[in-house]
Asks: 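Take a look at this one; I'll ask things after.
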Amino acid sequence: MRKNKNLVAIVFIVFVLAILLNGSILTKAYPVYKVIGKDKIENSIKNFKTKEGKHFIIRYTEPDSKYVDLIINTAEKHYYDITEDLGYTPKGKSTIIVYNNPDEMNKDFSLAKGENAMGIYLNGVISIESPSLWISPGQDVTKVFQYEGPVVHEFTHLVVDDIANGNYPIWFTEGIALLEEYRQDGYEWGKDLSYNGAPYTYEQLKNDFNSLDEMLAYKRAFQVTKAISDKYGMETIREMLRDLGSGMSIESSFYKETGLRLDVFVNNAKG
């Protein structure tokens with residue numbers, strides 16, 4: 001559906017103001033902003049082929065037709081476990097776009113040309129690189145894709161975003177996505193990586209996540225989120241996401257659910 005340009009401009013202004021004001025206004029404005037963003041992405045792939053599963057819609061081009069069943073089966077395999085873990089079922093089917101050209105994916109999902117991402121979540125839509133671009137010839141495609149592929153990670157981002165209405169720090173959504181990979185497949189991010197000194201602090205995760213060493217930042221996000229789950233259970237993570245969705249800050253939510261300060265908990269979490 002075509003959008004009125006004035007409406008797009010108005011919603012964008014409202015969204016920016018929401019960020020500047022408070023989380024409660026952000027969570028009310030965000031769903032409208034997301035619908036417009038999703039419409040733009042889907043318009044860019046209107047010539048892609050379509051295949052539907054029970055909970056997912058796969059959009060792809062002919063070179064990737066041989067991978068479509070693998071992608072659907074992998075997504076469906078983990079759907080109920082992830083939605084149960086996070087206490088939320090998406091409304092309708094979730095779209096996964098398979099790109100055979102990384103530059104097209106970067107353009108449609110607003111990444112700089114040349115950036116490398118196996119999967120991206122944005123505005124209610126998941127994109128993944130074709131398995132042909134990252135699985136080496138001779139490898140077991142099914143095994144590698146199911147264990148190392150991006151579907152679990154990116155679908156978790158979609159669920160988190162829906163529940164929290166866009167109101168979450170990057171480290172928390174990445175930590176939850178990595179935690180789900182671990183819970184689903186036993187895949188532990190950064191298991192063999194070591195910090196050069198002490199693990200990242202809460203202030204570093206909060207303020208500098210994108211400028212930290214990417215591998216170690218993700219490792220620390222996983223460790224902290226797993227520590228919350230280990231001590232307080234997935235129910236606490238579910239409650240925190242619902243709190244965020246109502247406009248609460250993550251610090252206030254963590255204190256509400258545990259009685260502890262988040263910065264103290266993070267800085268004392270095992271590295």
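Here, residue 1 is the first one in the sequence, and each next residue gets the next number.
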Asks: For Lys51 and Ile72: C-alpha separation, side-chain torsions, deciding distance, then whether side-chain contact (heavy atoms from CB on, under 4.5 Å) applies.
Replies: CA-CA 9 Å; Lys51 185 168 184 177; Ile72 289 179; 4.0 Å; yes

Asks: Is Ile57 linked to Phe109 within one hydrophobic cluster, defined over Ile, Leu, Val, Met, Phe, Trp and Tyr using a side-chain heavy-atom separation of less than 4.5 Å?
Replies: no

Asks: Measure the shortest side-chain to side-chain distance between Ile82 and Phe155 over non-hydrogen atoms and say whether it is less than 4.5 angstrom.
Replies: yes

Asks: Of all the heavy-atom pairs spanning Asn165 and Pro31, show the shortest one and how long it is.
Replies: OD1-CG, 3.7 Å

Asks: Regarding Asp161 and Tyr168, is there a side-chain donor-to-acceptor distance under 3.5 Å anywhere?
Replies: yes

Asks: What's the spacing between Ile45 CD1 and Ser127 OG if we round to 0.5 Å?
Replies: 10.0 Å

Asks: Are any of the side-chain heavy atoms of Phe172 and Leu241 separated by less than 4.5 Å?
Replies: yes

Asks: Within a radius of less than 6.0 Å around OH of Tyr255, do more than 12 heavy atoms belonging to other residues, nucleotides or ligands occur?
Replies: no

Asks: Answer yes or no: is there a donor N or O on one side and an acceptor on the other, between the side chain of Gln139 and the main chain of Ser136, under 3.5 Å?
Replies: yes

Asks: May I ask you to decide if Val152's main-chain N or O and Thr156's side chain share a donor-acceptor pair within less than 3.5 Å?
Replies: yes

Asks: Give a yes or no on whether the backbone of Asp69 and the side-chain of Asn73 come within a donor-acceptor separation of less than 3.5 Å.
Replies: yes

Asks: Regarding Tyr30 and Asn167, do their side chains bring together a donor and an acceptor under 3.5 Å, going by distance alone?
Replies: no

Asks: I'd like to know whether Ile58 forms a side-chain contact (heavy atoms from CB on, under 4.5 Å) with Glu52, so could you lay out the CA-CA distance, the side-chain angles of the two residues, the decisive distance to 0.1 Å, and finally the verdict.
Replies: CA-CA 6 Å; Ile58 311 301; Glu52 296 193 24; over 6 Å; no

Asks: Ignoring hydrogens and angles, tell me if any N or O in the side chain of Arg238 forms a donor-acceptor pair with the backbone of Asp85 under 3.5 Å.
Replies: yes

Asks: Is a side-chain N or O of Glu76 found less than 3.5 angstrom from the main chain of Lys54, in a donor-acceptor match?
Replies: yes

Asks: For the backbone of Tyr187 and the side chain of Asp185, can you confirm whether one donor and one acceptor N or O come within less than 3.5 Å of each other?
Replies: no

Asks: Could you tell me whether the side chain of Asp162 reaches within less than 4.5 Å of the side chain of Lys91, counting heavy atoms only?
Replies: no

Asks: How about NZ on Lys66, more than 12 heavy atoms from neighbouring residues, nucleotides or ligands closer than 6.0 Å, or not?
Replies: no

Asks: Take Tyr218 and Trp189 through the test ring-ring contact (aromatic ring centres under 6.0 Å, His included) and record every step on the way to the result.
Replies: CA-CA 8 Å; Tyr218 276 58; Trp189 178 274; 5.6 Å; yes

Asks: Could you verify whether a donor N or O on one side chain and an acceptor N or O on the other, from Glu203 and Asn207, lie under 3.5 Å apart?
Replies: yes

Asks: Which heavy atom of Pro90 sits nearest a heavy atom of Thr83, and at what distance?
Replies: CD-CG2, 3.9 Å

Asks: How long is the gap from NE2 on His55 to OH on Tyr79, to the nearest 0.5 Å?
Replies: 4.5 Å

Asks: Is a side-chain donor or acceptor of Thr173 paired with a backbone partner of Ile170 at a separation under 3.5 angstrom?
Replies: no

Asks: Calculate, to the nearest 0.5 Å, the distance between atoms OG and CD1 belonging to Ser94 and Ile126 respectively.
Replies: 6.0 Å

Asks: Take His153 and Glu180 through the test side-chain hydrogen bond (donor to acceptor under 3.5 Å, both in side chains) and record every step on the way to the result.
Replies: CA-CA 7 Å; His153 191 99; Glu180 280 303 312; over 6 Å; no

Asks: For the pair Ser65 (side chain) and Glu62 (backbone), establish whether a donor and an acceptor sit closer than 3.5 Å, ignoring hydrogens and angles.
Replies: yes

Asks: Go through the steps for Ile250 and Trp171 under the test side-chain contact (heavy atoms from CB on, under 4.5 Å), then give the verdict.
Replies: CA-CA 11 Å; Ile250 192 169; Trp171 72 264; 3.9 Å; yes

Asks: One pair to check against side-chain contact (heavy atoms from CB on, under 4.5 Å): Val125 and Ile120. What are the steps and the verdict?
Replies: CA-CA 8 Å; Val125 180; Ile120 307 169; over 6 Å; no

Asks: Do Gln223 and Lys219 have side chains that approach each other closer than 4.5 Å (heavy atoms only, starting at C-beta)?
Replies: yes

Asks: Hey, does Ser253 have a side-chain heavy atom less than 4.5 Å from the side chain of Leu262?
Replies: no

Asks: Considering all heavy atoms of both residues, which atom of Glu129 and which atom of Pro102 are nearest to each other, and what is their separation?
Replies: OE2-CB, 3.7 Å

Asks: With a 4.5 Å limit on heavy-atom distance, are the side chains of Phe145 and Asp140 in contact?
Replies: no

Asks: Please assess Asp243 against Lys256 for the test salt bridge (Lys or Arg N to Asp or Glu O under 4.0 Å), listing each intermediate value before the final yes or no.
Replies: CA-CA 9 Å; Asp243 290 341; Lys256 170 178 172 282; 3.3 Å; yes

Asks: What is the distance from atom CD of Gln184 to atom CD of Gln146, rounded to the nearest 0.5 Å?
Replies: 12.0 Å

Asks: Would you indicate whether Lys93, at its atom NZ, is surrounded by more than 12 heavy atoms from other residues, nucleotides or ligands within a distance under 6.0 Å?
Replies: yes

Asks: Would you please test Arg242 and Glu235 for salt bridge (Lys or Arg N to Asp or Glu O under 4.0 Å) and show each step?
Replies: CA-CA 11 Å; Arg242 287 191 281 267; Glu235 177 58 28; 3.2 Å; yes

Asks: Does atom CZ of Phe265 have more than 12 heavy-atom neighbours from other groups under 6.0 Å away?
Replies: yes

Asks: So, for Val98 and Ser130, which heavy atoms are closest and what is the spacing to 0.1 Å?
Replies: CG1-CA, 3.9 Å

Asks: Side chains of Met234 and Leu86, heavy atoms from C-beta outward: is any pair under 4.5 Å?
Replies: yes

Asks: Out of Leu178, Val266, Ile176, Asp230, which one pairs with Thr225 under the side chain to side chain contact (heavy atoms under 4.5 Å, CB included) rule?
Replies: Ile176

Asks: Taking the side chain from Arg220 and the backbone from Pro199, do they hold a donor-acceptor pair closer than 3.5 Å?
Replies: no

Asks: Roughly how far, to the nearest 0.5 Å, is CG of Asn268 from CZ of Arg261?
Replies: 10.5 Å

Asks: State, without any angle test, whether Thr201 and Asn267 hold a side-chain donor-acceptor pair at a distance under 3.5 Å.
Replies: no

Asks: Taking side chain as C-beta onward, heavy atoms only, is Ile128 less than 4.5 Å from Trp134?
Replies: no

Asks: Applying a strict under-4.5 Å side-chain criterion to I, L, V, M, F, W and Y, I'd like to know whether Ile228 and Val264 cluster together.
Replies: no

Asks: Using the rule given for side-chain hydrogen bond (donor to acceptor under 3.5 Å, both in side chains), can you reason through Tyr99 versus Asp108, listing the C-alpha separation, both sets of side-chain angles and the distance that settles it, and then say yes or no?
Replies: CA-CA 10 Å; Tyr99 284 90; Asp108 290 346; 2.7 Å; yes

Asks: Can you measure from CZ (Phe209) to CD (Glu174) and round to the nearest 0.5 angstrom?
Replies: 5.5 Å

Asks: Show the nearest heavy-atom pair for residues Ser229 and Leu179, with the distance to one decimal.
Replies: CB-CD2, 3.9 Å

Asks: Would Glu239 and Tyr232 count as having a side-chain donor-acceptor pair, cut-off 3.5 Å?
Replies: no

Asks: Going through the distances and angles, do Glu251 and Tyr202 end up as a side-chain hydrogen bond (donor to acceptor under 3.5 Å, both in side chains)?
Replies: CA-CA 11 Å; Glu251 293 87 358; Tyr202 177 67; 2.5 Å; yes

Asks: Taking all non-hydrogen atoms of both residues into account, name the closest pair between Ala217 and Leu212 and its distance.
Replies: CB-CB, 3.9 Å

Asks: Mark yes or no for whether Asp64, through its side chain, and Tyr67, through its backbone, hold a donor-acceptor pair below 3.5 Å.
Replies: no

Asks: Do Tyr182 and Val159 sit in the same hydrophobic cluster, where Ile, Leu, Val, Met, Phe, Trp and Tyr count as joined when their side-chain heavy atoms come under 4.5 Å apart?
Replies: yes

